[in-house]
There are 2 protein chains.
Amino acid sequence: MPPPRPARIADVAAAAGVGVGTVSRVINGAANVRESTRATVQQAIERLGYRPSHLAVALSRGTPRAVAIVVPHLTSPSVVPRLAGALAVLSEQGYDSVVCNVDTPAQRDHHLAALTGRHRAAGVIVVSLRLSAAQAELFRRSGTPLVAIDMVIPGVPHTVTDDVAGGRMATGYLLSLGHRKIGFVGDTMRGAAAAGRLLLGFASSQRRLAGYRQALVAAGADQDPALVRRGPHGPANAEALAAGLLALPDPPTAIFAASDRQAIGVLAAADRGGVKVPGELSVMGFDDIESAALMGLSTIRQQLWESGAEGARRLCAVLRGDRVVPLRQQLSLEVVPRSSTAPVPGGRAARAAGHLATTSDSALTGIGPQDAGGHQ
Amino acid sequence: MPPPRPARIADVAAAAGVGVGTVSRVINGAANVRESTRATVQQAIERLGYRPSHLAVALSRGTPRAVAIVVPHLTSPSVVPRLAGALAVLSEQGYDSVVCNVDTPAQRDHHLAALTGRHRAAGVIVVSLRLSAAQAELFRRSGTPLVAIDMVIPGVPHTVTDDVAGGRMATGYLLSLGHRKIGFVGDTMRGAAAAGRLLLGFASSQRRLAGYRQALVAAGADQDPALVRRGPHGPANAEALAAGLLALPDPPTAIFAASDRQAIGVLAAADRGGVKVPGELSVMGFDDIESAALMGLSTIRQQLWESGAEGARRLCAVLRGDRVVPLRQQLSLEVVPRSSTAPVPGGRAARAAGHLATTSDSALTGIGPQDAGGHQ
DNA sequence: GCGCGGCATGGAACCGGTTCCATGACGAAC
DNA sequence: GTTCGTCATGGAACCGGTTCCATGCCGCGC
């Protein structure tokens with residue numbers, strides 16, 4: 001039988017007539033090896049078809065060459081680009097990426113506990129997941145480097161966006177089109193928890209709502225509590241919420257949904273109710289997931305792919321031993337006008353629309369409790 | 001400092017006053033350990049906060065507890081559910097899942113070569129990716145178990161669907177609604193390769209086209225080559241292709257797109273051209289991705305999540321040492337009628353629509369070169 | 001009372017690398 | 001010619017578990 005037993009480093013050493021240390025140096029490209037020796041060893045490696053054991057290397061070096069990424073609700077469209085961005089960077093840096101998908105709190109706790117185990121992962125990236133103090137402490141004590149994406153964890157490098165500013169931008173854009181009665185559709189914590197879903201999106205929904213309110217206040221526009229509808233996450237629920245808004249005696253002329261998925265539910269409600277978009281109703285989403293472009297949905301673009309890539313880059317920096325400062329990294333947002341928004345029927349305004357369309361309004365961005373930083 | 005050095009098994013043994021072998025037995029729940037000893041060791045483990053080294057365990061046992069999943073174009077909506085299904089099963093079975101996203105042939109080759117390395121992965125799942133003979137041979141020789149999803153690889157367990165039958169079902173459904181001029185929009189290999197994209201979707205597009213043709217022949221319907229349009233993958237391209245169909249002097253009353261993403265492009269073209277769906281044009285997709293439901297797109301449902309889960313289950317079976325027979329596992333398809341299809345305007349027919357709507361037509365399924373098997 | 005089987009146990013060998021230290025050869029400087 | 005430094009090299013120790021084998025103790029049967 002040709003491959004009775006895979007060759008190990010000692011076999012190569014014997015075949016090349018050298019010591020194991022020399023073979024190791026050749027493999028790792030160490031400097032102090034005579035050229036002729038290197039060639040001899042190289043030949044022996046090829047002749048025996050030798051491949052180093054990934055496990056043995058990792059064990060000797062004392063650290064696995066794999067990082068784990070914990071994501072909630074993998075099927076949710078906004079997390080996929082984040083994951084893809086992280087995978088691209090990690091792959092390029094030579095790391096294996098262990099992906100942990102999490103749909104329930106139990107799964108989250110299970111994976112987080114497991115990942116703090118010894119020699120489990122060189123580092124961990126968590127996406128959109130809140131950690132309990134105990135869990136964060138577990139990471140600290142186990143010495144497993146941690147970075148967060150779309151979630152603030154004290155003492156941990158995190159890559160986020162300013163959702164409050166985003167809420168202001170979306171609402172400000174609608175205001176600039178002349179809309180004054182602007183509805184909001186988003187999700188609640190309570191409903192989300194009751195449905196067994198994690199807090200994915202909740203925190204951001206809450207902050208985007210805050211931005212919505214700030215923009216309305218700043219513009220002196222109508223702030224009718226009846227125009228704010230919140231319920232469990234998901235397009236189907238959003239559709240029901242939007243239907244409620246459209247059934248009002250004096251319905252809004254525009255709706256800002258806290259996410260593109262929910263905005264798609266709003267579009268469905270409009271379609272079902274015979275309300276023309278954007279003729280009678282403007283709809284604004286958030287995230288700029290792939291479907292948004294396909295459906296012509298106006299939205300706030302969030303750098304999803306880039307957020308994953310940046311998180312991964314920062315983790316790699318930590319793994320190299322670099323200090324990552326500042327901990328907070330904030331990616332910018334951008335208004336993306338498409339065909340779901342239009343000036344309010346019969347209204348004036350729409351003067352600043354062209355301006356707002358292609359860049360984030362720095363004046364608006366500057367308002368509020370959160371800093372509006374750039375990259376790094 | 002409290003944690004100067006993580007405890008290892010020898011420390012536990014010393015603390016408990018036993019040998020390392022005994023500690024190992026306690027950890028792994030071996031039978032021959034006196035109860036009092038077990039308790040002592042257990043206490044020592046907890047007192048020292050001992051956690052076994054994942055790497056050392058894997059190295060000793062001779063196999064990593066991780067499997068790799070190679071997927072093309074992670075951002076493509078149809079692969080995400082497949083991945084999620086596989087992750088769910090693997091996680092439940094206690095495996096780490098290393099995800100390799102592949103966007104170019106070079107990346108594919110790189111990952112496949114790496115994964116055959118020694119102690120790299122306990123097994124590998126490839127999704128929608130063709131392997132060269134050399135690559136398949138590499139897996140065989142390296143002894144790395146391999147299973148395929150949505151791709152036939154000789155000698156390797158694979159979980160697939162009958163795309164030809166699916167093409168027949170989609171076209172047959174449109175025929176049952178009375179449509180006779182039915183267009184096809186799909187992708188080509190040439191265009192895909194030119195764009196640097198992999199063969200993702202191409203092979204299935206080709207087979208779905210074959211089913212389309214079979215159904216037309218069987219129904220004695222119009223088979224105009226001008227109604228078949230193929231180009232690079234992606235909704236934007238599909239939109240252009242569909243626009244071409246709609247601009248024909250005698251345009252089709254229905255279009256079958258080889259995938260939901262392309263169908264969404266068709267919908268966009270209809271929208272842009274002022275063609276009412278389903279009033280003037282019926283549109284049929286394939287896959288049943290999440291967006292399809294949101295947009296009311298009629299489609300052929302493929303069990304995407306389940307395909308990933310089944311592939312993972314079969315890999316686990318191989319890893320347990322079970323023989324997996326037969327190699328081919330075929331998942332069923334289903335017509336999902338939504339609001340993008342309607343009886344042809346002014347037509348009779350639509351008699352069998354209700355029937356076809358909820359179940360695959362077994363008569364149609366039986367035709368053609370491929371077997372129509374069930375699960376397992 | 002003695003021999004034997006079985007069970008709990010200790011510990012060495014092993015998984016397959018990396019790394020550090022000791023060694024020997026060689027050239028340069030004195 | 002001798003000594004010292006440098007460089008290539010061999011090989012043992014180590015990473016942290018699992019596993020197998022030898023050992024000792026015990027109880028049982030004769």
Side-chain angles (χ1 to χ4, degrees), chain A residues 3-42 44-45 48-66 94 117-122 142-143, chain B residues 3-42 44-45 48-66 94 117-122 142-143:
Chain A
R5 179 173 59 74
R8 49 188 179 198
I9 201 169
D11 300 327
V12 175
V18 301
V20 292
T22 303
V23 177
S24 178
R25 280 172 218 122
V26 168
I27 294 169
N28 297 296
N32 301 334
V33 179
R34 203 193 312 158
E35 183 47 41
S36 62
T37 308
R38 178 185 309 280
T40 309
V41 171
Q42 207 55 264
I45 287 176
L48 298 180
Y50 168 73
R51 322 228 9 209
S53 155
H54 205 235
L55 287 175
V57 172
L59 179 58
S60 297
R61 292 211 221 271
T63 172
R65 191 106 186 119
R118 190 143 168 63
H119 287 170
R120 202 70 198 283
S142 75
Chain B
R5 179 172 57 75
R8 48 188 180 199
I9 200 170
D11 300 328
V12 175
V18 302
V20 292
T22 303
V23 177
S24 178
R25 282 172 216 121
V26 169
I27 293 170
N28 297 297
N32 301 335
V33 180
R34 202 194 315 160
E35 184 49 39
S36 63
T37 308
R38 179 185 307 281
T40 310
V41 171
Q42 207 54 265
I45 286 176
L48 297 180
Y50 169 73
R51 321 225 15 205
S53 156
H54 205 236
L55 287 175
V57 172
L59 178 59
S60 291
R61 291 212 221 272
T63 172
R65 192 108 185 118
R118 191 145 167 60
H119 287 169
R120 200 71 197 282
S142 75

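So you know, we letter chains A, B, ... as the sequences are listed, proteins then strands, and number each from 1.
Helix bend of the helix from C:dG1-D:dC30 to C:dC30-D:dG1: the angle between its two end axes, each built from five pairs, comes to 60° after rounding to 10°.
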>> How would you summarise protein contacts on nucleotides 10-22 of chain C per nucleotide, using B for base, S for sugar-phosphate only and - for none, with heavy-atom distances below 4.0 Å?
In response: BBB--BBBSBB--

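Between the OG atom in B:Ser142 and the CZ atom in A:Arg51 there is a gap of 7.5 Å [rounded to 0.5 Å]. Between atom CZ of residue A:Arg65 and atom CG of residue A:Leu55 there is a gap of 15.0 Å, rounded to the nearest 0.5 Å. With rounding to the nearest 0.5 Å, the separation of CD1 in B:Ile45 from OG1 in B:Thr40 is 11.0 Å.
A 4.5 Å side-chain heavy-atom check between B:Leu59 and B:His119 finds at least one atom pair inside the cut-off. Counting heavy atoms from C-beta outward, B:Asn32 and B:Arg25 have side chains that stay 4.5 Å or more apart. Annotation: side chain of A:Ile9 is in contact with side chain of A:Ile27 (closest heavy-atom distance under 4.5 Å).
Atom CD of B:Glu35 is separated from atom P of C:dC7 by 17 Å (rounded to the nearest Å).
Summarising the geometry of A:Pro64 relative to A:Ala122, their closest heavy-atom pair is O-CB, 3.2 Å, with the distance given to 0.1 Å. Of all heavy-atom pairs between B:Val20 and B:Ala10, the closest is CG1-CA, 3.9 Å.
Between B:Asn32 and C:dC7 there is no side-chain N or O to OP1 or OP2 distance below 4.0 Å.
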